[in-house]
Amino acid sequence: HVQLVESGGGSVQTGGSLALSCVAAKLTYSSNCMGWFRQAPGKEREGVAAIDSDGTTAYADSVKGRFTISKDNAENTLYLQMDSLKPEDTAKYYCAAAPMRICRAESGRPVSTDFDYWGQGTQVTVS
């Protein structure tokens with residue numbers, strides 16, 4: 001079955017950077033819409049960024065210009081480079097895969113109900 005495993009989370013000071021990775025087993029990134037989501041304590045999960053099978057990207061307004069989503073199809077790895085981090089970016093971050101090539105986005109946010117496969121999440125704390 002498909003497995004997504006995130007890594008790269010941690011604690012950082014305001015203004016710092018972190019890079020998240022997501023490696024997939026039994027999934028081809030070149031054929032799927034991929035996304036990053038996050039969930040803070042007491043809040044609903046929200047879409048952060050998405051990337052189509054052809055590399056087209058979309059971002060939530062709250063992270064646009066600070067976060068960069070990318071992928072390496074050959075390595076089946078999804079990335080999220082996070083710069084200029086703010087305390088409000090503190091959350092558990094999840095990567096996810098959707099069973100279509102083109103991502104749907106609402107106000108730049110990927111739509112969580114489109115995604116079938118989810119990783120276990122990695123914690124990001126900004127203080």
Side-chain angles (χ1 to χ4, degrees):
H1 60 281
V2 174
Q3 283 188 316
L4 301 175
V5 180
E6 303 97 335
S7 61
S11 297
V12 66
Q13 291 188 335
T14 299
S17 298
L18 281 174
L20 306 184
S21 299
C22 175
V23 178
K26 297 188 178 180
L27 184 75
T28 304
Y29 280 3
S30 62
S31 300
N32 292 81
C33 161
M34 302 296 300
W36 285 99
F37 295 80
R38 67 186 181 187
Q39 187 167 20
K43 294 187 177 181
E44 292 188 356
R45 182 173 56 194
E46 62 177 9
V48 174
I51 185 165
D52 290 344
S53 59
D54 64 359
T56 302
T57 58
Y59 297 92
D61 287 343
S62 57
V63 306
K64 198 174 295 182
R66 300 187 298 121
F67 290 13
T68 303
I69 187 172
S70 62
K71 61 177 180 171
D72 184 331
N73 290 335
E75 297 294 329
N76 248 18
T77 304
L78 180 72
Y79 302 100
L80 186 68
Q81 177 66 40
M82 304 185 294
D83 299 318
S84 302
L85 282 161
K86 305 175 181 179
E88 50 264 44
D89 295 318
T90 295
K92 196 165 189 179
Y93 284 70
Y94 300 87
C95 72
M100 65 269 205
R101 291 180 174 271
I102 305 300
C103 301
R104 237 175 10 123
E106 295 178 353
S107 300
R109 296 182 181 276
V111 180
S112 63
T113 52
D114 288 346
F115 290 77
D116 287 343
Y117 301 108
W118 295 82
Q120 82 290 349
T122 185
Q123 179 67 37
V124 171
T125 303
V126 185
S127 59

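Quick note: numbers below take in every heavy atom, side chains included, and nothing from hydrogens, waters or symmetry partners.
- For the pair Pro99 and Tyr117, the minimum side-chain heavy-atom distance is 4.5 Å or more.
- Exactly one of Ser7, Ser70, Cys22, Ser21 qualifies for a side chain to side chain contact (heavy atoms under 4.5 Å, CB included) with Thr77. That residue is Ser21.
- Smallest separation of non-hydrogen atoms from Ala50 and Pro110: CB-CB, 3.8 Å.
- How far CG of Asp89 is from CG of Leu18: 10.0 Å, rounded to the nearest 0.5 Å.
- We find that Asp61 and Lys64 are joined by a salt bridge, their nearest charged nitrogen and carboxylate oxygen being less than 4.0 Å apart.
- Residues satisfying the side-chain contact (heavy atoms from CB on, under 4.5 Å) criterion with Gln13, sequence neighbours excluded, are absent altogether.
- Taking each heavy atom of Ser17 and Asp83 in turn, the nearest pair found is OG-OD1, 2.7 Å.
- In this structure, the separation between CD1 on Ile69 and OG1 on Thr56 is 11.5 Å, given to the nearest 0.5 Å.
- When all heavy atoms of Ala105 and Ala58 are compared, the pair lying nearest together is CB-CB, 4.2 Å.
- Summarising the geometry of Lys71 relative to Ser53, their closest heavy-atom pair is NZ-O, 3.1 Å, with the distance given to 0.1 Å.
- In this structure, the side chains of Trp118 and Phe37 come closer than 4.5 Å at one or more pairs of heavy atoms.
- Note that the CD atom of Glu75 and the CG atom of Asn73 stand 10.5 Å from one another [nearest 0.5 Å].
- Between Gln123 and Ala91, the closest heavy-atom pair is NE2-O, 3.4 Å.
- With hydrophobic clusters built from ILVMFWY side chains whose heavy atoms lie under 4.5 angstrom apart, Val126 shares a cluster with Trp36.
- A donor-acceptor pair under 3.5 Å links the side-chain atoms of Asp72 to the main chain of Ala74, judged by distance alone.
- In this structure, CD on Glu88 lies 8.0 Å from CZ on Arg38, to the nearest 0.5 angstrom.
- In this structure, Asp52 contributes its side chain and Cys103 its backbone to a donor-acceptor pair below 3.5 Å.
- Leu4 is not listed as a side-chain neighbour of Leu78, based on a closest heavy-atom distance of 4.5 Å or more.
- Within the 4.5 Å cutoff, the side chain of Val23 has no heavy atoms near those of the Gln3 side chain.
- Residues meeting the ring pair (Phe, Tyr, Trp, His ring centres under 6.0 Å) test with Tyr94, sequence neighbours left out: none.
- At distances below 3.5 Å, at least one donor-acceptor pair connects side-chain atoms of Thr14 with backbone N or O atoms of Ser127.
- Between Asp114 atom CG and Glu106 atom CD the span is 8.5 Å, to the nearest 0.5 Å.
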Discussion item. The test is side chain to side chain contact (heavy atoms under 4.5 Å, CB included); show your working for Thr68 and Tyr79 and say whether it passes.
Written reply: CA-CA 8 Å; Thr68 303; Tyr79 302 100; over 6 Å; no
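- With Tyr93 as the fixed residue, the side chain to side chain contact (heavy atoms under 4.5 Å, CB included) test singles out one of Glu6, Gln39, Met82: Met82.
- Residues Val63 and Val12 are members of one and the same hydrophobic cluster, defined by side-chain heavy-atom contacts under 4.5 angstrom among Ile, Leu, Val, Met, Phe, Trp and Tyr.
- Looking at every heavy atom in both residues, Gly9 comes nearest to Val124 through CA-CG2, 4.2 Å.
- Note: the hydrophobic cluster containing Tyr59 does not contain Phe115 (ILVMFWY, side chain heavy atoms under 4.5 Å, direct or indirect links).
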